[in-house]
Amino acid sequence: FYATFIVTHSGIRFYSEKEIDGNKFLSLTFNAYNSALVSVENSDIKLSGPTDLASYFIGNVIIWKFKREDMSTNFQTYYDAIVQSCIDKYNAQDVNLFVKYNTIRKTFELTLTFTTNQINNEGNLDLKLSTSGKNGLTISYKGTADVNGLAYYSDVAGLKEMVGLLNSNFNLSTFAIINPQVIKFVNKTNANSWFSLAK
């Protein structure tokens, strides 16, 4: 189903009336939980998001970026240490951390990237991700990495500690389940330990 639409304050409106299985509709608005867009004209018509964020996260090949401004103090401390260490050791600029799936190596990775003299540098640490109940995700470091990842793991201050914080079970949540742009990971045993990843 492809159609052009405009975004409204409460959802979307199509340029012309649409029909699915004999049901006609023109506008869709967010329900009370931001989990679906429901037709104004016919409530049987709706667009909904994933029912389980953990399965969604594992099942999609999306590069997710750590949001430094949207993490708990313990994660910020190690994130800042990583950035400063890369600046001090490699004269780095544009330091970032990501979680992504490597289709060649067939593994999820914690990826550290930065530029030095306009050269892009990247190191990858292998992660195991598994679901643990609805919206639950377990992350663990496999102990393997690519060549740069191993070097950074040894040399970059804060990276081992960040990996240590990631080795845990998390509850996942998002503002708008219909199209998750940012996912928050809250440690299941310590609600004061959390971080967010953005598309």
Side-chain angles (χ1 to χ4, degrees), residues 32-35 49-89 92 95-102 105 107-114 122-146 148-199:
Y33 305 103
N34 290 329
S35 61
T51 57
D52 180 7
L53 279 173
S55 295
Y56 169 80
F57 188 84
I58 289 176
N60 289 279
V61 182
I62 298 170
I63 298 174
W64 295 90
K65 182 179 179 180
F66 279 80
K67 294 185 66 177
R68 192 267 175 218
E69 69 279 5
D70 197 8
M71 57 179 67
S72 59
T73 303
N74 57 346
F75 273 96
Q76 279 185 353
T77 297
Y78 295 130
Y79 186 93
D80 292 345
I82 291 166
V83 171
Q84 191 58 52
S85 183
C86 288
I87 292 169
D88 294 343
K89 292 183 180 222
V95 180
N96 288 290
L97 280 176
F98 301 92
V99 173
K100 66 178 184 180
Y101 184 77
N102 187 317
R105 297 179 66 217
T107 186
F108 283 92
E109 297 172 329
L110 174 64
T111 301
L112 171 62
T113 67
F114 58 88
E122 179 176 304
N124 300 287
L125 305 175
D126 299 331
L127 301 175
K128 179 182 178 186
L129 275 61
S130 57
T131 59
S132 55
K134 185 175 181 181
N135 297 321
L137 189 71
T138 300
I139 302 174
S140 58
Y141 174 46
K142 292 181 179 179
T144 57
D146 62 18
N148 284 350
L150 288 173
Y152 299 157
Y153 188 72
S154 297
D155 296 340
V156 174
L159 188 55
K160 283 182 187 176
E161 292 81 1
M162 176 71 86
V163 169
L165 289 179
L166 289 172
N167 274 305
S168 196
N169 300 312
F170 296 93
N171 285 317
L172 279 58
S173 62
T174 189
F175 172 71
I177 193 73
I178 190 165
N179 184 19
Q181 297 295 306
V182 176
I183 298 179
K184 185 175 182 178
F185 294 66
V186 179
N187 188 299
K188 285 187 177 182
T189 58
N190 179 5
N192 293 318
S193 183
W194 55 273
F195 64 95
S196 294
L197 299 177
K199 286 184 181 178

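Closest approach of Ser193 and Phe75 over heavy atoms only: OG-CE1, 3.4 Å. Gly136 and Ala54 get closest at one heavy-atom pair: O-CB, 3.1 Å.
Checked against the 6.0 Å centroid criterion, the rings of Tyr141 and Phe108 do not qualify as a close aromatic pair.
A side-chain donor-acceptor contact under 3.5 Å links Thr174 to the backbone of Val182. Judged by distance alone, with hydrogens and angles left aside, the side-chain atoms of Asn60 form no donor-acceptor pair with the main-chain N or O of Ile62 at under 3.5 Å. Between the side chain of Lys65 and the backbone N or O of Lys199, no donor-acceptor pair lies under 3.5 Å. The closest donor-acceptor contact from the side chain of Ser85 to the backbone of Val156 lies at 3.5 Å or more, if one exists at all. The closest donor-acceptor contact from the side chain of Lys89 to the backbone of Asp155 lies under 3.5 Å.
For the pair Lys184 and Trp194, the cation-pi criterion (under 6.0 Å, within 45° of the ring axis) is fulfilled.
In this pair, Phe170 and Phe195 present their aromatic rings perpendicular. The plane angle is above 60°, beyond the 30 to 60° band. The aromatic rings of Phe57 and Phe185 lie perpendicular to each other, with more than 60° between the two planes, well past the 30° mark.
The number of heavy atoms from other shown groups lying within 6.0 Å of CD1 (Ile58) is above 12.
Between Asp80 and Arg68, at least one side-chain nitrogen of the basic residue sits less than 4.0 Å from a carboxylate oxygen of the acidic one, meeting the salt-bridge criterion. Using a 4.0 Å cut-off between a side-chain N of Lys or Arg and a carboxylate O of Asp or Glu, Asp126 and Arg105 qualify as a salt bridge.
No hydrogens or angles considered: a donor-acceptor pair under 3.5 Å links the side chains of Asn187 and Ser168. A donor atom on one side chain and an acceptor atom on the other are found under 3.5 Å apart for Glu122 and Asn124. When only modelled atom types and interatomic distance are considered, Ser132 and Lys188 share a side-chain donor-acceptor pair under 3.5 Å. Using modelled atom types and a 3.5 Å distance limit, the side chains of Asn171 and Asn135 yield no donor-acceptor pair.
Distance check: Tyr153 OH to Leu125 CG gives 7.5 Å after rounding to the nearest 0.5 Å.
When the side-chain hydrogen bond (donor to acceptor under 3.5 Å, both in side chains) test is applied to Ser55, the partners found at least two apart in sequence or on another chain are Asp52.
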